[in-house]
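This report concerns only the one structure given below.
All figures in this text were calculated on a predicted structure; none of them were measured in a lab. We count ligands from 1, going down the list as the structure has it; atoms in each ligand are counted the same way.
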Amino acid sequence: MTAYPNLEQALKYYFGYDNFRPGQRQIIEGAMQNRDLMVVMPTGGGKSLCFQLPALMKPGVMVVVSPLIALMQDQVESLRKNGVAATFLNSSLNQYKTRSREQALLGGKVKLLYLAPERLLSERFLPFLDLLHHQVSISAFAIDEAHCVSEWGHDFRPEYRQLKLLRSRFPNVPVFAFTATATNRVRDDIISQLQLKQPCIHIASFNRQNLYYEVRQKGKSTYGEIVSLIRENEGSGIIYCLTRKQVEEIAFKLQHDKISALPYHAGLSDEERSQNQTRFIRDDVRIMVATIAFGMGINKPDVRFVIHYSLPRNLESYYQESGRAGRDGEPSRCTLFFNYGDVKTIEWSINQKTEEQEQLIAKQQLRQMIDYAEGTVCRRTIQLGYFGEYFPGNCNNCDNCCYPQPVEDWSIEAMKFLSCVARCKERFGMSHTIDILRGSKNKKVTQYKHNELSTYGIGKDRTVDEWRMLGRSLLHQGLLEQTNDGYSVLKLNALSWEVMRRQRTVSVAIPVKPKVPELKQNAKAAAADMLMYKLRSLRKELADAQSVPPYVIFPDSTLRLMAQVQPQTRDDFGKLSGVGSHKLSQYGDRFLAEIRLYRQEQGLSISQGKFTPGNNSPSSTELQTLQLYQQGLSIREIATQRNLRPTTIVRHLCDLIEKNQSVDINQLVSKEKQQKILQVLESLGDISLTPIKEYLGDSYSFDDIRLVRGKWRRQKH
Ligand code: ADP
Ligand code: ZN
């Protein structure tokens, strides 16, 4: 086998990353050997890179088949930001654009071409592909979301079936299939449908190590807990609800509590939905409250938490939905709120199904979901077990591993409970049984003369909630049963009698209120947070100026590295993971300047000699500000119009002044003030702003000083 010692270098050069994620290297080596590929990797595993890097290293153009236009545009956008020649063809383009892109392709100027299957297979397009192959050669067909070829998958698309045509028409072009769907049946189906030839098969673990999983009791305090989760965690989050009404309610409450949140459900117009989605992806809004209609095709890699306000129907859905957190590999949180009310709701809807087989499957799936929610072992062991993957436990990143629930012997209580069920002749439900145990004077109790039973009032020492917990635990452990007719009548079984005859003990896990792990921070980390905030603002500003999502500029992990390492030279900046050659030249200077400014304000050392501002021409965002300023708008007006903070606008103006652009400083700072500030700068030098301000007193603002300093620096250069 050939080794590719330069793969790491290529990874760094094009994408800025230092290391491959698990599996990526082997897959890419297979691709470089022109083999067919079958890759199964969970969401966030890094599938795209497995075909993107080979596309850049191989001669010719790679054709990528992708089912959703939005996904295509996202990927092409991200690639272009890395300086990669990528393009797409789809129905959103006019004829003129289509033609010019086709010309670029035939001219060998493009390395990756994204297409929807419908276009690829159209009568008109196939001859173009022949020509393309003849002229520049097609290096491979990469089929993204390949499970769409399979009827067994959850997303079957008939047009994907036709893709087998590629094999006969281009027998020597390798075909790569990628999916996040785990089942063997789907995988085998993909291989046969696409007629892959002895493919290099790679199946990654479905363990998402960076995700913290937890389950909490759903109750009165849930909304409050959601608010604290949002306040205690940084970044974007998704809250999944079962119904539109819940979505609307929670979104409204959050907005009322001054948390930036928007709703998303099938009842909104297409336009509203896509608007809300864009605002979420661009970080204009932090929280998306949604039904499961939201998520398919959302590529946002920096979702920091996913909260399930309602119980998902099955574990696979839960895995996929919660898996939308942390695609970028950064620590993220998945919280499920669980109560029996939700189980009832789902049971009710299952009972509406007419096919018995379907009902049985749905019930089994619900059972597994409940097992997960109630389970006291490692959440990963349960989840991965569901996908047929063995996980030994002790993940140290789920509630059960971090805060194991104490187990108590409740045999006596269980005997009381079960005998009460027996005395009621197995004809009543949970609430009524508890009423009797607690000696309630409820009408129903007296009506049936249940206040005369020997078990009446023998359970006053426990609360209703405690009895309920025991009752559920008995059901869950199979020591008691419940009818499925909608009345949930409690029934005894052989095991129940064993308990009552003292032949079996009963242990229950006592839920403890989960502590939210506190973020311990030292002063240095807190300071780095401040820089992080500034870097985030700069990233947002650059992103807005180019109408792209912020993560396309740099991922969170790279910003964090910047804040920690605080590089001061282009060389050091280029070494950060996530900074490739193209992004270094595009954004390096802006971020270096921000870091430098921060260090200056903190009174930290600045390496004078090495830092070289790349050029003295204004950036595009500065030019936009300049234009508005020249139209006579005030700083505040510019800020509002551009949706930026006023301080950012001031900073633009300072830089513009320093870069010798025509900003009339006399309109911003009075001449007398200017003179005074210049004097101070002359005597104190280019030191941080705080001592200068202290010297000058309260009638001078930081902005005044900053602006005049721009002028002063310009004169010094
Ligand atoms: P998938 O399609 O498997 O869900 P993506 O291809 O979208 O995953 O990748 C998820 C995220 O991981 C992206 O933000 C991508 O830039 C990042 N990523 C991929 N490979 C690496 C790597 N080797 N090092 C760091 N980040 C990576
Ligand atoms: Zn665990």
* Asked: Starting from atom 14 (O) of ligand 1, which protein heavy atom do you reach first, and at what distance in Å?
  -> Pro301 CB, 3.7 Å
* Centre of Phe88's six-membered ring, under 6.0 Å away, within 45 degrees of the axis: is that where NZ or CZ of Arg101 sits? -> yes
* Go through ligand 1 atom by atom and flag the ones less than 4.0 Å from a non-hydrogen atom of Phe20. => 23 (N)
* Does at least one non-hydrogen atom of Gly44 fall below 4.0 angstrom from an atom of ligand 1? -> yes
* Asked: What residue and heavy atom of the protein are closest to atom 8 (O) of ligand 1, and at what distance?
  -> Gly46 N, 3.3 Å
* Are Glu389 and Ser205 linked by a side-chain donor-acceptor pair shorter than 3.5 Å? -> yes
* Is Asp189 paired with Arg185 through a side-chain N to carboxylate O contact shorter than 4.0 Å? -> no
* Asked: Out of curiosity, Arg216 CZ to His308 NE2, how far, rounded to the nearest 0.5 Å?
  -> 15.0 Å
* Structure fact -> of all protein heavy atoms, closest to atom 5 (P) of ligand 1 is Ser48 OG, 3.7 Å
* Per-residue contact class, Asn19 against ligand 1 - non-hydrogen pairs under 4.0 Å -> backbone
* Structure fact -> Distance col, row Phe573:CZ vs Leu584:CG, nearest 0.5 angstrom, shows 7.0 Å
* Please verify whether a non-hydrogen atom of Arg21 lies at under 4.0 Å from ligand 1. => yes
* Asked: Does the Arg539 side chain pair with the main chain of Phe554, one donor and one acceptor, at a distance under 3.5 Å?
  -> yes
* Measuring to protein heavy atoms, does anything land under 4.0 Å from atom 17 (C) of ligand 1? -> yes
* Asked: So which protein heavy atom does atom 10 (C) of ligand 1 come closest to, and at what separation?
  -> Arg327 O, 3.5 Å
* With backbone taken as N, CA, C and O and side chain as the heavy atoms from C-beta onward, which portion of Pro42 lies under 4.0 Å from ligand 1: side chain, backbone, both, or neither? -> backbone
* Does at least one non-hydrogen atom of Gly329 fall below 4.0 angstrom from an atom of ligand 1? -> no
* **Sidechain-backbone polar pair: Asn314 side chain, Glu316 backbone, donor-acceptor under 3.5 Å** => yes
* **Any side-chain heavy-atom pair of Asn276 and Phe294 under 4.5 Å** => no
* Is the closest basic N to carboxylate O distance between Arg304 and Glu234 below 4.0 Å? -> no
* How does Gln24 reach ligand 1, if at all, at less than 4.0 Å between non-hydrogen atoms: by side chain, backbone, both, or neither? -> side chain
* Structure fact -> protein heavy-atom neighbour closest to atom 15 (C) of ligand 1 works out as Tyr17 OH, 3.8 Å
* Measure the distances from the heavy atoms of Cys50 to every atom of ligand 1 and state whether one is below 4.0 angstrom. => no
* Asked: Quick one: which ligand 1 atoms are inside 4.0 Å of a heavy atom on Thr43?
  -> 4 (O)
* For the pair Phe206 and Phe387, evaluate ring pair (Phe, Tyr, Trp, His ring centres under 6.0 Å) and give the outcome as yes or no after the intermediate values. => CA-CA 8 Å; Phe206 271 62; Phe387 294 121; 5.6 Å; yes
* Glu594 and Arg590 ion-paired at < 4.0 Å -> no
* Angle subtended at the Zn ion (ligand 2) by SG of Cys398 and SG of Cys378, nearest 10° -> 120°
* **Residue Cys401, metal the Zn ion (ligand 2), N/O/S under 2.8 Å** => yes
